[in-house]
Protein chains: 2
Amino acid sequence: MATPEIKSVGKAFALLDCIASGEGGVSLPSMAKRCDLTMATAHRLLTTMEALGVVVHTGPGEYAIGTRLLGLCREASFESLLASAAAPILSRLSRTTRTTSHIGVLDSEFMVTYLARCASAHAKIPTLPGNKLEAYCSGLGKVLLAGLSMPRRESYLAEGPFPALTSRTIIAQEDLARELSAVCRRGFAFDDCEMFEDLRCVAVPIHDQSGRVVAALSASGSCREMPKSRVSSLAEELTRQAETISGKLFPRTAINFRTSRTKQRSAHDKPTHQDDRSGSPAP
Amino acid sequence: MATPEIKSVGKAFALLDCIASGEGGVSLPSMAKRCDLTMATAHRLLTTMEALGVVVHTGPGEYAIGTRLLGLCREASFESLLASAAAPILSRLSRTTRTTSHIGVLDSEFMVTYLARCASAHAKIPTLPGNKLEAYCSGLGKVLLAGLSMPRRESYLAEGPFPALTSRTIIAQEDLARELSAVCRRGFAFDDCEMFEDLRCVAVPIHDQSGRVVAALSASGSCREMPKSRVSSLAEELTRQAETISGKLFPRTAINFRTSRTKQRSAHDKPTHQDDRSGSPAP
DNA sequence: CGGGGACTCTCGTATTATGAGACCATTCCC
DNA sequence: GGGAATGGTCTCATAATACGAGAGTCCCCG
């Protein structure tokens, strides 16, 4: 059983979340309330983190993220994290499914950036980490476009044009719009030789904790390796793996603070069994 | 006496530093050793942080900064931190010295970016947070240029030109070079109406924990308000305040882990770096 | 000048986090 | 294939940490 331990650390990050989000002011009492901590505890935690340089007390009712924390994130990026977290999964996926697998994200110009790949024996796609390709004609790209907010998706569609790279490339704006809606509904995309001849690809989204599409995972292969009959089972497997990745990057943990020592404060709690631990005998 | 408490948090950040710096590999045993922690403790801390999304275990011997931490830093920046941390100090400084005080940093193009200011009654300098001005002719700028590494300083000097803004502006490359060296030696800069007529300015560097100049603090006023006889005492006061700011942003804390329960393991380790700065006698 | 908000501190002790050591899974290398 | 090396996981009694309550300080605002 996954046992989240070291509660103080959890509390510390709860406070940091408060500071970073800054909602509702960041005074000690307000943060204590928001994190369900005692003022004493919140204060202890904050002064500790201040001494560590993690937090700066910039004035009454004002705390800010400190240089120590900034330094931790300076070299880190979501992209590189995703690449390294996904690497073992991509590798397993490629081995078991005998496909070439990719992870990619959309950049600010609607280009697909490939972050990691794991090729099966005879890979033909020349993707390298950092490479960028057009979004409209690949599995990854279609999944990522389908995950955009409606206004952004429309702005992409309006921009065009969508030159044909093969005879199957979707080039008409309205066809592409329809395709993206279908991808949304299905939960995965299928690229049937739209970018390269004889290259098919199934792709699924990777969501963050709020459900937004932050990346995509794909498996590709030649038409022979990937008959259409295989698509739906592959999509299922990919979805499973995408969820694994998502679970790694965005764990959904609800650590509970609250010790028995605490006075019951929320009155709506029914105090049925006032003392369930029936007076433990003092040693 | 500032009492750093909640040791687990300190240990957690020690581990995070290891991960972020990545030196010497980031396997559990190596980090435990580097942070002087038991494997059990390091493991507990790491799994806790993994459950929180602060850290991701990307593979054997590989840990990475997680999305939770990335999210904390997304909106934060050194500049805004500096601005808010310095605000109360600028305000006090302006009040007690009856000057206009500024904080600024150098951007990638060697321009001074003003981050915060606090004006005395009748301010004349039209600086606003975010404004940029040339570096060669202001107190802040000269301090910041003097704090550059020698190659970068020379590349700035080589670039030129340095148009005269007043009759006193230093416009010759070799004069400026000499001036910057002098600023380095003295530890502060004096701008004697080099940017605006009748505007003098004293500026001092703000250092990070490693001694690098990361920002500068200045006080300015008219020639009448700031006779040359005042310069050195003002520089002293500014230096004191700069150290206050630096201490707030880059606390030098040496929290000691190690409980008495621990077996003495490495006797040669003596990491108790005593505060070298004139220690105030403890009460 | 009094009230309130934000913060600080102390103290006894309940609760937490600890270290040692055993154990498991992979990988590497003869 | 065996066996060491590396990296990680788990349990348990208990030392020591971090806890909550409440009282106190400081400062601003009316």
Side-chain angles (χ1 to χ4, degrees), chain A residues 1-12 15 18-19 24-51 55-63 88 91-92 255-265 275 277 279-283, chain B residues 1-12 15 18-19 24-51 55-63 88 91-92 255-265 283:
Chain A
M1 170 149 347
T3 330
E5 298 170 281
I6 319 276
K7 306 205 177 183
S8 348
V9 175
K11 298 177 193 177
L15 286 173
C18 276
I19 294 176
V26 282
S27 71
L28 202 161
S30 74
M31 287 196 289
K33 202 174 301 164
R34 248 145 59 76
C35 299
D36 196 17
L37 295 172
T38 321
M39 275 223 345
T41 300
H43 175 248
R44 247 188 313 257
L45 249 5
L46 256 359
T47 49
T48 300
M49 291 197 279
E50 196 177 5
V55 144
V56 180
H57 190 173
T58 53
E62 276 179 58
Y63 291 82
S91 140
R92 191 145 32 85
I255 290 189
N256 76 319
F257 319 139
R258 262 310 50 76
T259 70
S260 61
R261 189 162 18 162
T262 316
K263 245 195 287 196
Q264 288 291 5
R265 66 185 75 189
D275 195 355
R277 303 180 34 176
S280 48
Chain B
M1 168 93 72
T3 329
E5 298 170 282
I6 319 275
K7 306 206 174 180
S8 348
V9 174
K11 298 177 192 176
L15 287 172
C18 277
I19 295 176
V26 281
S27 72
L28 201 159
S30 73
M31 287 197 289
K33 202 173 303 164
R34 251 150 50 80
C35 298
D36 196 17
L37 296 172
T38 319
M39 276 225 341
T41 300
H43 176 247
R44 247 188 315 255
L45 248 3
L46 253 1
T47 49
T48 300
M49 290 198 279
E50 196 177 6
V55 145
V56 180
H57 191 172
T58 54
E62 276 178 58
Y63 291 81
S91 140
R92 192 146 30 85
I255 289 188
N256 76 318
F257 320 140
R258 257 323 39 82
T259 70
S260 59
R261 188 159 22 159
T262 316
K263 251 193 283 197
Q264 286 293 4
R265 66 187 78 188

Think [X] has a side-chain N or O under 4.0 angstrom from the OP1 or OP2 of [N]?
X: A:S8; N: C:dT16; value: no
X: B:T41; N: C:dG19; value: yes
X: B:K11; N: C:dT18; value: yes

- [ ] Considering non-hydrogen atoms only, spot the tightest contact between A:M49 and A:A12 and give its length.
- [x]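 A:M49 and A:A12 have their closest heavy atoms at CE-O, 3.7 Å.
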Task: Minimal non-hydrogen separation, A:I6 against B:S8, with atom names - done: CG2-CB, 3.8 Å
Task: Five-pair end axes of the helix from C:dC1-D:dG30 to C:dC30-D:dG1 and the angle they enclose, rounded to 10° - done: 50°
When rounded to the nearest 0.5 angstrom, what distance separates [atom1] in [X] from [atom2] in [Y]?
X: A:L45; Y: A:T38; atom1: CG; atom2: OG1; result: 10.5 Å
X: B:R34; Y: B:L15; atom1: CZ; atom2: CG; result: 10.0 Å
X: A:K33; Y: A:S27; atom1: NZ; atom2: OG; result: 8.0 Å

Open item on the list: Can you list everything that forms a side-chain contact (heavy atoms from CB on, under 4.5 Å) with A:P60? Sequence neighbours excluded, please.
Closed with: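 Checked A:P60 against side-chain contact (heavy atoms from CB on, under 4.5 Å); zero matches.
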What is the distance, to the nearest angstrom, from the [atom1] atom on [X] to the [atom2] atom on [N]?
X: B:M31; N: D:dT9; atom1: CE; atom2: C1'; result: 15 Å
X: A:I6; N: D:dA18; atom1: CD1; atom2: C1'; result: 12 Å
X: B:L46; N: D:dG8; atom1: CG; atom2: C1'; result: 10 Å
X: B:L15; N: D:dG7; atom1: CG; atom2: P; result: 16 Å

Which atom pairs link the protein and nucleotides 4-8 of chain C when you take only N or O atoms and keep those under 3.5 Å?
| unit_1 | atom_1 | unit_2 | atom_2 | d |
| --- | --- | --- | --- | --- |
| C:dA6 | O3' | A:G61 | N | 3.4 |
| C:dC7 | OP1 | A:H57 | NE2 | 3.2 |
| C:dC7 | OP1 | A:G61 | N | 2.7 |
| C:dC7 | OP2 | A:L28 | N | 2.5 |
| C:dT8 | OP2 | A:H43 | NE2 | 2.9 |
| C:dT8 | O5' | A:H43 | NE2 | 3.4 |

Task: With sequence neighbours excluded, residues passing side-chain hydrogen bond (donor to acceptor under 3.5 Å, both in side chains) with A:E50 - done: none
- [ ] State, with a plain yes or no, whether a side-chain heavy atom of A:M31 is found less than 4.5 Å away from one of A:L46.
- [x]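 Result yes, sub-4.5 Å side-chain heavy-atom pair found.
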Task: Partners meeting ring pair (Phe, Tyr, Trp, His ring centres under 6.0 Å) with A:H57 (sequence neighbours left out) - done: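 With neighbours one apart ignored, the set is A:Y63.
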Task: Toward the 5' end of DNA chain C, by each residue's nearest nucleotide, B:L45 or A:R44 - done: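 Nearest-nucleotide comparison on DNA chain C picks A:R44.
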